[in-house]
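Quick notes on the structure that follows.
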Number of protein chains: 2
Amino acid sequence: MTRSADRNHDITRVAVSTVIFTVRRTGDAISLSLPLVRRTRDPHEGQWALPGGWLDISESLDAAASRTLAETTGLQPSYLEQLYAFGAVDRSPSRVVSIVYWALLRQDDVDAQVAAHAAAGDAPENVAWFDATDLPGLAFDHNDIVDYALWRLRNKVGYSRIAHGLLADEFTLAELREVYEAILRRRLDPANFRRQAEGSGTLIPTERFRTGSHRPARLYRYNRDVELADHGPLGVRA
Amino acid sequence: MTRSADRNHDITRVAVSTVIFTVRRTGDAISLSLPLVRRTRDPHEGQWALPGGWLDISESLDAAASRTLAETTGLQPSYLEQLYAFGAVDRSPSRVVSIVYWALLRQDDVDAQVAAHAAAGDAPENVAWFDATDLPGLAFDHNDIVDYALWRLRNKVGYSRIAHGLLADEFTLAELREVYEAILRRRLDPANFRRQAEGSGTLIPTERFRTGSHRPARLYRYNRDVELADHGPLGVRA
DNA sequence: TCAAAAGTGTTGCGTTTACACCCATGT
DNA sequence: ACATGGGTGTAAACGCAACACTTTTGA
């Protein structure tokens, strides 16, 4: 903390953060939730913030997003896309330009991670999951960033099929519909939703069924021939 | 160029560039064109590149885009929106993260600038206008960036009314339609275009008419109550 | 008066929306 | 048997594309 810390006063540093969405069952409804990390140093020590970190000199922006994501959650997102570059002068005491990504996490992956942590007894103290629409006051401008990410998610769900990225490999149409309803915050007609989903060409029906309640529901699988991830303007696969 | 130049080997610098679109009449058709600057130093000396520059320590990203735009073209764009942050490790010899914006310029503003430069005799040698769909090989990854900006423009034109940003204050529906046709690269039905434009609520008919050829066409004005510029995720007015 | 662009009317088609209805299963 | 969600059918409403048609000017 001698020379390099002093130098932070007159250089612009580049950080990468990610808004990671997943779905969570709370009672009979499902809701969007996201993981936050508690800051352990100034500025904003003790407040919740988006997971992220500094960009390394020899890694691309995409790679930095994946790396910081893995370091905090230990998981690969099913979808990752650049959101926006935030660079207001006063958003941090030192000058920081944040390249923010947003990501989707599969429900089963989240479960697997939680179970693994519980078994290993290393449940991270500084990570917690929050309801995306009911957040506390976050560090920096992160509340605005989450709001913008939510807006992008709601928009994108309207003209693409990314919502699959929040579910396990196999899912019923009702489960998929509930995800859409949680994101769009309105009820969808099951009959019409079914026709639209089946007609999109992105769903492959299986011969397996989800049983347990009333009439068994057919399980579907996402057609991976159709691209899920956004490979960015350069079409590069990270 | 002593110590700071040496230091560029191990720091990441932030640059800002802008893809600036305008429309140009070539014969009886109109086409999208954009200004490029010839590089006067390595890397890529002599090649054409997007206007831009380094981010100052005490200016926001938006301000840097506006400033570098003014320094090269001397104009205020009618629309300015962040496009994407490019950060591949090998896109430049030293490590550079470029925050790229895209912008629209009014046709009459371009004319005014050209006339002013001609009168003052200071027509910039290093700036030239190119057809957006027929560019030479540009410096860095700027060809990819322009392609992406074109894609965004075409997309955005489909669900918003930003095309006005390319025309003068008053315009006929035929002129507006020609702009759409140039961007979307297909003919539009004049009758249906008229209904859609009038029904959008963003056009104010005037009592003035464009005369000269056949039946005079009513001039319209853009309704500035409807926001043209994208104020970004934070809703901030630059 | 004629060509050509401005502007209006009408029709057909495909998509979405609303909702009635049947099917299959656990309790 | 019956309640409940799974799944199908159908008709009205809406938006959009195609195109015939009228209007108004300059030449």
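Here is the naming used below: chain letters follow the sequence lines, and residue numbers restart at 1 for every chain.
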Separation of C/dC21 P from A/Arg194 CZ (nearest whole Å): 20 Å
Rounded off to whole Å, could you give me the CZ-to-P distance for the A/Arg218 and C/dT25 pair? 12 Å
Is a donor-acceptor pair below 3.5 Å formed from side chain B/Arg195 to base C/dG9, judging by atom type as modelled? yes
Quick one: on DNA chain C, does B/Tyr220 or A/His214 contact a more 5' nucleotide (nearest heavy atom)? B/Tyr220
Residue pair A/Ala191/B/Pro190 against DNA chain C: nearer the 5' end by closest nucleotide is B/Pro190
Is the number of heavy atoms from other residues, nucleotides or ligands within 6.0 Å of CD (A/Gln76) greater than 12? no
Base, sugar-phosphate alone, or nothing: which one does A/Ala174 contact when heavy atoms must sit under 4.0 Å apart? sugar-phosphate
Between A/Asn192 and A/Arg195, a side-chain donor and acceptor under 3.5 Å: yes
Result of checking B/Leu50, B/Asn126, B/Val127, B/Ile20 against B/Leu36 for side chain to side chain contact (heavy atoms under 4.5 Å, CB included): B/Leu50
The single option from B/Glu178, B/Glu175, B/Glu181 that satisfies side chain to side chain contact (heavy atoms under 4.5 Å, CB included) with B/Ile30 is B/Glu178
Quick check on D/dG5: is either OP1 or OP2 less than 4.0 Å from any side-chain nitrogen or oxygen of A/Arg215? no
Looking only at C/dA6, D/dG7, C/dC19, the nucleotide nearest the B/Arg177 side chain is C/dA6
Hey, which sits more toward the 5' end of DNA chain D by its nearest nucleotide, A/Pro216 or B/Asn192? A/Pro216
